[in-house]
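Here's the structure we're looking at; comments come further down.
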Amino acid sequence: MHRQSLPPETDYHDWICPDIRTYWKLGKVRDSDQIILRSTQGNAQFQFTGAEGFALQHFTGTLTAGEIESRCQQHFRQTLSPNFILELLQKLVELGILQLHTETAPAATPNRKTSPKLKPCVQWIQHPDNYWILRNPEDVTFLQVSAKDKDIISQLGELPLEAIAGEFCITHDELRYLLQLLTATGMLEGTQPAKPPKKKFTPLSLLSFRVRLFNPDPFLTRHINKLRWIWTPTFGCALCFFLALTGVFGFSQKHQILYHGQQLFASQGTALILPFALLSMLVVSLHELGHAFTLKHYAGIVPEVGFLFMFLIPAAYTNTTDSYCLSRFKRVQVVAAGILVQITLAATGFWLWDSSAEGSWLHTGSYLLMTAGLVTVAINLNPLAKFDGYYLAAAITGINNLRSRAFGFYANLLTGKPIQETGRDCWILAAYAPFSLVYIYFVFGFLLFRVTDWCLSNFRIGTLLLLALWAIYFYFPANPSNSTSKSGGAN
């Protein structure tokens, strides 16, 4: 079979290397630094070096050959051939993986006459706060862009990249950066969302980590129509009346409530821990269903639920990222729904406690339910920790990434960099950052200090041994050959 070839004097640096992920998959050869390129539509496979595998990992349709070559030179300490990418392209052509469209360019390359296309499933959503969200419902990813960027992206697949850059007076670097964002979020045909890099474990990881359980979206879709009456004005008014009445009667009996709690704790003590924990888990689970069903009511996607561990203390979480596509009012409803469920359960517990016989299991259980609802609400409404209080504050103010933007505001202010925030947002961010910093320092610092002090006081040798082993694991440099192999792994 005749193989095409590239002339050695070919100027290849400006070529955009094609996206090979639709037809080829990278894999690692066991106990070797070699990489295998396997066909996704057949049994063909070819072997490459670790450096070639690293380069092929960047064949995503957005980077030029020159950019990939530069990344390869920076990644590998050993000197690569000056024409490393040209030689790789030649090898791909000779193997039949790429074909030449002209005498100097691979046909699979999105050249000057073509540009990448958006996936048919993606949707544009205009947000009331003067920005656009590009939503990928298949992979549940999002990209927030300006109106100008929206116009640029809309021309992909319609105009060549050169024409798009010229029409909107942007540089090739700016256009390439936009393509990289679209690739990382899986918005372009033939791309998948980038997986977050795996980070090494640190003791601070115990402060907060998540364990994904399952995708609840099919279940929510099947049952949402049975519950739509919950979001009607009639039910809303009735619930407000019920909660207001509960508040009035509860406040009038606050002394009896506190006294009963003291008597209950004095008589049963630690025996209350297990039923209180179980009822708290019930409250938190129904709380998460409140978030999930409210988002589903507004045609959102809920891709996952799971456990959130804070200092090894379990709680539930629901991925409601899709709520960012909603208006501010609807997004507030999604966040507030969970809190409303907790308050409603506490109110239900109050009435059951008030109407049941003293000393009965219902009397005690309903008091614990009321307490569990109020305690979890108090914890959850804290706007300085990333619980519902934080996301509710972000939804009400319309400031996404409230904490990071608050710290970024002060970073720019102290370094003299331009501040991009509006006048209203500046005041909110300026007020939020100091409180958040103090909270993180004192609360998490105190907890970390107490845990460390307890471990060293009661388990000193074991703790020091574990810390030493962790330091070796964390700071010992990775084997260069293994690092090379992993970098060329399957996408």
Side-chain angles (χ1 to χ4, degrees), residues 140-142 144 196-197 199 201-213 216 280-281 283-292 294-295 300-326 328 330-343 373-411 421 425 428-448 451:
V140 196
T141 58
F142 313 89
Q144 179 179 318
K199 298 181 179 179
F201 170 81
T202 69
L204 293 178
S205 301
L206 296 177
L207 292 177
S208 177
F209 64 93
R210 293 184 174 188
V211 178
R212 184 183 187 276
L213 291 181
S280 296
M281 292 175 62
V283 170
V284 171
S285 299
L286 294 176
H287 158 98
E288 296 301 329
L289 283 177
H291 290 313
T294 303
L295 180 55
I301 300 172
V302 185
E304 67 179 51
V305 296
F307 285 121
L308 168 67
F309 289 85
M310 301 287 290
F311 253 104
L312 301 181
I313 300 174
Y317 80 90
T318 301
N319 186 338
T320 57
T321 310
D322 206 20
S323 64
Y324 284 91
C325 298
L326 303 177
R328 187 182 301 183
K330 291 179 180 178
R331 183 179 163 197
V332 168
Q333 289 184 60
V334 172
V335 179
I339 300 171
L340 196 59
V341 168
Q342 290 172 286
I343 296 174
L374 293 176
V375 168
T376 54
V377 164
I379 296 173
N380 207 27
L381 275 179
N382 179 8
L384 300 177
K386 284 197 172 181
F387 299 137
D388 282 352
Y390 170 84
Y391 294 106
L392 189 61
I396 292 173
T397 60
I399 304 176
N400 298 335
N401 304 314
L402 179 59
R403 178 183 292 174
S404 59
R405 285 174 64 178
F407 290 158
F409 168 80
Y410 274 97
E421 307 291 350
D425 290 350
I428 297 174
L429 297 174
Y432 183 83
F435 287 105
S436 181
L437 189 62
V438 169
Y439 173 82
I440 293 172
Y441 179 78
F442 282 102
V443 174
F444 286 98
F446 172 78
L447 291 174
L448 188 61
V451 170

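Since the structure is predicted, the reported quantities are computational estimates derived from the model, not experimental observations.
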Under the criterion side-chain contact (heavy atoms from CB on, under 4.5 Å), I'd like the reasoning laid out for V305 against E288: C-alpha separation, chi angles, the key distance, then a yes or no.
CA-CA 8 Å; V305 296; E288 296 301 329; 5.9 Å; no

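- Proximity of V302 to D322: side-chain heavy atoms (C-beta onward) are nowhere separated by under 4.5 Å.
- Contact record, V332 with A395: CG2-CB, 3.8 Å, taken as the closest heavy-atom pair.
- Considering T294, V283, L286, V284 in turn, L286 is the only one that fulfils the side chain to side chain contact (heavy atoms under 4.5 Å, CB included) rule with V341.
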Can you check side-chain contact (heavy atoms from CB on, under 4.5 Å) on Y432 and Y390, steps first, answer last?
CA-CA 11 Å; Y432 183 83; Y390 170 84; 3.1 Å; yes

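- Summarising the geometry of R405 relative to E421, their closest heavy-atom pair is NH2-OE1, 2.6 Å, with the distance given to 0.1 Å.
- Of the inter-residue distances, the one linking I339 atom CD1 with H291 atom NE2 reads 6.5 Å to the nearest 0.5 angstrom.
- Rounding to the nearest 0.5 Å places OG1 of T320 at 10.5 Å from CD of E304.
- Here the closest non-hydrogen pair linking Y317 and R212 is OH-CA, 3.6 Å.
- For the atom pair CG of D388 and CD of Q342, the computed distance is 7.0 Å after rounding to the nearest 0.5 Å.
- Residues P303 and V140 come closest through the heavy atom pair CG-CG1, 3.9 Å.
- Here the closest heavy-atom approach between residue Y410 and residue L429 is recorded as CE1-O, 4.0 Å.
- Minimum interatomic distance between T321 and F142 (heavy atoms only, all atoms of both residues): CG2-CE1, 3.6 Å.
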side-chain contact (heavy atoms from CB on, under 4.5 Å) between D425 and T397, worked out:
CA-CA 8 Å; D425 290 350; T397 60; 5.9 Å; no

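- With rounding to the nearest 0.5 Å, the separation of CG in L326 from CD in Q333 is 9.0 Å.
- T376 places none of its side-chain heavy atoms less than 4.5 Å from the side chain of H287.
- Partners of A393 under the side chain to side chain contact (heavy atoms under 4.5 Å, CB included) rule, at least two apart in sequence or in another chain, are L402.
- Annotation: side chain of F407 is in contact with side chain of S436 (closest heavy-atom distance under 4.5 Å).
- Summarising the geometry, atom CD1 belonging to I379 is positioned 11.5 Å from atom CG belonging to L374; distances are rounded to the nearest 0.5 Å.
- Distance CG/L384 to OH/Y439: 7.0 Å, rounded to 0.5 Å.
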